[in-house]
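Working notes, beginning with the structure itself.
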Amino acid sequence: MNPTSLADEATRLSDNALALAHHAQELAIGVSGAVAPGVSPFIFLLAIFLMACFVGYYVVWNVTPALHSPLMAVTNAISSVIIVGAMLATGLATSGWALLFGFLAVTLASVNIFGGFLVTQRMLSMFKKKQ
Amino acid sequence: MSANLTSLAYLVAAVLFILALRGLSSPVTSREGNRFGMIGMAVAAAATLLHSGFAVSGYTLIVLGVLIGGSIGAVVAQRIQMTALPQLVAAFHSLVGMAAVFVAAAALNAPEAFGIGTVGNVHTQSLVEMSIGLAIGAITFSGSVIAFAKLQGIMKGNPIIFAGQHKLNLGLGILAAILIVSFVASGGSQVLFWMIALLAFALGFLIIIPIGGADMPVVVSMLNSYSGWAAAGIGFTIQNLALIITGSLVGASGAILSYIMCKGMNRSIINVLLGGFGTDTSAAGAVGGPAGDRTVRSGAAEDAAFIMKNASKVIIVPGYGMAVAQAQHALREMGDILKAEGVDVRYAIHPVAGRMPGHMNVLLAEASVPYDEVFELEEINNEFSTADVAYVIGANDVTNPAAKTDQSSPIYGMPILDVEKARTVLFIKRSMASGYAGVDNELFFRPNTMMLFGDAKKMTEEIVQSLGH
């Protein structure tokens with residue numbers, strides 16, 4: 001190996017290293033902007049989960065008992081947002097099985113989304129005030 | 001679409017879902033709320049479809065799935081009878097549960113799609129989350145199928161009880177925990193995955209069969225809650241904001257409804273889940289001996305019409321029997337005639353009337369009863385003492401005064417509607433048989449009660465006819 005190619009190789013490596021360092025710095029800034037470094041993303045998801053439980057608790061206690069049936073129907077519809085996972089699995093499937101399971105999940109969740117929202121709409125349209 | 005933008009879209013969807021639930025605080029804002037929910041779902045779906053790297057075959061299958069599922073859902077939602085709502089909701093819960101199982105299976109087979117490892121070498125934490133989502137989803141599925149079968153009448157509503165039932169469930173629960181640990185340790189074994197699924201299906205089945213028909217409001221609410229937790233579990237697996245937030249909203253909602261239903265029966269959730277309520281007949285007739293030695297005053301439709309026509313205030317108490325007989329339309333007609341005569345007509349709803357939370361309210365709304373004439377137990381219970389007539393149609397246990405006085409009664413402590421305080425109680429019933437709890441209703445023997453024996457709908461129609469003359 002001649003000195004020139006060795007020098008070229010070294011330059012290339014150092015460029016790579018520099019790029020990596022920049023990348024690491026960006027990541028570090030991104031992370032430190034939001035959180036203490038070293039905290040697993042799971043903790044953030046857990047925090048969101050717990051906060052959402054509290055939001056759900058207070059919002060649902062405010063639902064009038066007369067509308068508890070539409071509440072069940074609409075929660076049914078929105079929990080079918082699981083279709084997001086089903087679509088990702090279907091669209092990015094790397095195996096036939098994943099494609100099949102994804103497709104089945106998309107279909108089942110669609111029944112719920114359309115059925116749930118429409119039946120809620122039907123119920124709510126019947127609730128009328130005294131003329 | 002960048003990952004940040006997609007996540008933001010999910011956040012927007014989650015906020016719209018919160019607004020959808022918020023809208024249900026009043027019938028006036030509820031329709032707008034439902035629209036927010038639909039928009040939220042559209043936003044979440046659109047953001048996902050714009051994800052880069054989707055294969056054409058994937059797009060095709062997604063569109064196909066949405067078309068098939070969407071049209072089934074839309075047709076069912078348009079055609080379903082309002083009396084069949086409880087079983088429809090149970091069926092929908094089962095679908096969410098099964099979808100959770102399938103998404104977990106897809107994630108196990110294509111972990112790269114969600115960035116949680118490679119096939120056979122999935123991240124440990126993701127496997128824990130996946131197996132929890134899978135187990136809850138599978139329990140939701142089979143439990144909801146049983147609830148559906150009981151509500152639809154495919155399966156008898158009676159509790160199914162056998163020796164060692166609870167020990168069996170406990171044993172299966174422990175076995176499921178062991179399987180989950182080995183599944184996680186294996187790095188994502190397909191065999192163990194499906195073993196967990198099968199075991200959870202069996203558990204869901206076994207948990208629901210001992211619970212009787214009239215406890216279904218609790219069961220349906222509980223399964224509603226489970227479907228939410230299953231979605232949240234899958235949300236953790238695939239690290240998706242929309243799923244985690246929505247799952248916890250739904251989980252909290254179902255839990256609150258279960259709590260309200262249990263409180264409406266003065267029973268703990270454990271007591272409901274252990275099941276077998278209403279099968280112990282030893283308590284029946286405990287109130288003042290057998291029914292035979294007391295007198296019951298019965299009347300005809302004309303008598304009832306005469307009494308109500310001359311009343312100034314009538315409170316109608318509907319129960320599940322009204323739903324079974326489809327009597328809500330005749331009932332509204334009766335109410336209209338009475339109102340035209342200058343009678344103050346109101347409706348009183350017990351929290352556990354019917355087979356799902358809010359069931360009676362929907363049926364009355366379907367019959368065009370204005371919602372401001374319909375009141376909850378706490379709102380109206382004081383008014384029975386000033387009412388001339390309490391018209392009990394298809395309700396029984398929720399009016400039994402024994403709940404207030406008889407400590408040996410299985411329904412002791414249950415909040416009840418104080419119908420006996422009205423000047424006259426008109427009680428429509430097919431026969432003298434006891435209600436779900438297997439308890440005699442001493443109300444039948446009170447001097448101010450007049451029994452109207454017959455079908456709820458026919459009797460009400462006859463009263464409407466008599467009122468017309």
Side-chain angles (χ1 to χ4, degrees), chain A residues 45 48-49 52-53 55-57 59-60 62-69 71-72 74-76 78-82 84-95 97-98 101-121 123-124 126-130, chain B residues 17 21-22 24-25 27 30-31 34 37-38 41 44 48 54 58 61-62 65-66 68-70 72-74 76-77 89 92 95-96 98-99 102-103 105-106 109-110 112-113 224 227-228 231 234 238 240 242 244-246 248-250 252-253 256 357-359 361-362 365-366 370-372 376:
Chain A
L45 296 181
I48 290 166
F49 171 75
C53 285
V55 171
Y57 180 85
V59 170
V60 172
N62 263 320
V63 172
T64 168
L67 296 179
H68 276 164
S69 285
L71 171 68
M72 300 205 88
V74 84
T75 49
N76 214 309
I78 64 173
S79 59
S80 305
V81 74
I82 200 162
V84 164
M87 284 175 165
L88 285 173
T90 316
L92 305 171
T94 44
S95 74
W97 285 113
F101 292 134
F103 167 70
L104 289 174
V106 167
T107 311
L108 294 185
S110 300
V111 175
N112 253 353
I113 292 172
F114 284 78
F117 280 124
L118 288 176
V119 90
T120 308
Q121 193 176 41
M123 271 190 256
L124 293 176
M126 300 186 309
F127 280 84
K128 291 192 187 79
K129 237 183 146 81
K130 217 181 301 191
Chain B
F17 291 155
L21 299 189
R22 181 84 189 86
L24 290 170
S25 57
S30 60
R31 284 175 278 260
N34 196 41
M38 292 185 196
M41 189 59 75
T48 312
F54 268 31
L61 279 178
I62 290 172
V66 172
I68 296 173
I72 294 174
V76 169
V89 168
F92 279 166
L95 296 184
V96 180
M98 203 59 205
F102 283 143
V103 173
N109 281 282
E112 301 88 352
N224 183 234
S227 68
I234 299 297
I238 66 174
N240 186 293
I244 293 178
I245 297 177
T246 314
S248 28
L249 291 178
V250 177
S253 167
I256 290 174
H359 194 186
N361 302 77
V362 172
E366 185 199 10
Y371 62 79
D372 36 6
E376 303 303 317

- [ ] Give the C-alpha distance, both sets of side-chain angles, the deciding distance and a yes or no for side chain to side chain contact (heavy atoms under 4.5 Å, CB included) between A:Ser79 and B:Val96.
- [x] CA-CA 7 Å; A:Ser79 59; B:Val96 180; 3.8 Å; yes
TODO: Begin from the C-alpha positions of B:Ser253 and A:Leu71 and carry the test side chain to side chain contact (heavy atoms under 4.5 Å, CB included) through to its verdict.
DONE: CA-CA 8 Å; B:Ser253 167; A:Leu71 171 68; 3.6 Å; yes
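The side-chain heavy atoms of B:Val362 and A:Met126, taken from C-beta on, include a pair separated by under 4.5 Å. Between B:Ser227 and A:Asn76, every side-chain heavy-atom pair lies at or beyond the 4.5 Å cut-off. Looking only at side-chain heavy atoms (C-beta outward), B:Leu249 and A:Thr75 stay at 4.5 Å or farther from each other. At least one side-chain heavy atom of B:Phe54 sits less than 4.5 Å from a side-chain heavy atom of A:Leu88. By the 4.5 Å heavy-atom criterion applied to side chains, A:Phe114 and B:Ile72 are not counted as neighbours. You'll find the side chain of A:Ile48 reaches within 4.5 Å of the side chain of B:Ile245, heavy atoms only. Between A:Gln121 and B:Met38, the closest side-chain pair of non-hydrogen atoms falls below 4.5 Å. Side-chain atoms of B:Ile62 and A:Phe103, non-hydrogen and from C-beta on, never get closer than 4.5 Å to each other.
Heavy atoms closer than 4.5 Å to chain B are found in both the backbone and the side chain of A:Val81. For A:Ile82, the parts lying near chain B are the backbone and the side chain together; criterion is any non-hydrogen pair under 4.5 Å. Contacts between B:Asn240 and chain A at a heavy-atom distance below 4.5 Å involve the side chain alone, from C-beta outward. In this structure, chain A has a heavy atom under 4.5 Å from the side chain of B:Thr246, while its backbone stays farther away. Heavy-atom distances place the side chain of B:Met41, and not its backbone, under 4.5 Å from chain A. The contact between B:Ile238 and chain A is made entirely by side chain atoms (from C-beta outward), counting heavy-atom distances below 4.5 Å. In this structure, the portion of B:Glu376 lying under 4.5 Å from any heavy atom of chain A is its side chain and not its backbone. For chain B, the nearby parts of A:Lys129 are the backbone and the side chain; heavy atoms of each come within less than 4.5 Å.
Considering every non-hydrogen atom in both A:Leu67 and B:Leu24, the closest pair reads CD1-O, 3.4 Å. Listed here is the closest heavy atom pair of A:Ala105 and B:Ala99: CB-O, 3.9 Å.
In this view, B:Ser248 and A:Phe49, A:Ala52, A:Cys53, B:Trp229 satisfy the side chain to side chain contact (heavy atoms under 4.5 Å, CB included) rule, not counting sequence neighbours. Residues passing the side chain to side chain contact (heavy atoms under 4.5 Å, CB included) test with B:Ala106, sequence neighbours excluded: A:Ala89, A:Phe101.
Between the CG atom in B:Asp372 and the NZ atom in A:Lys128 there is a gap of 12.5 Å [rounded to 0.5 Å]. Put simply, CE on B:Met98 and CG on A:Leu108 are 7.5 Å apart, with the number rounded to the nearest 0.5 Å.
Residues B:Asn361 and A:Ser69 have side chains that never bring a donor and an acceptor to within less than 3.5 angstrom of each other.
Heavy-atom pairs under 4.5 Å with chain A peak, among B:Asn224, B:Val76, B:Val89, B:Ile68, at B:Asn224. In terms of heavy-atom pairs under 4.5 angstrom with chain B, the leader among A:Ile113, A:Leu118, A:Asn112, A:Val119 is A:Asn112.
When atom types are taken as modelled, the side chain of B:Asn109 and the backbone of A:Ser95 share no donor-acceptor pair closer than 3.5 angstrom.
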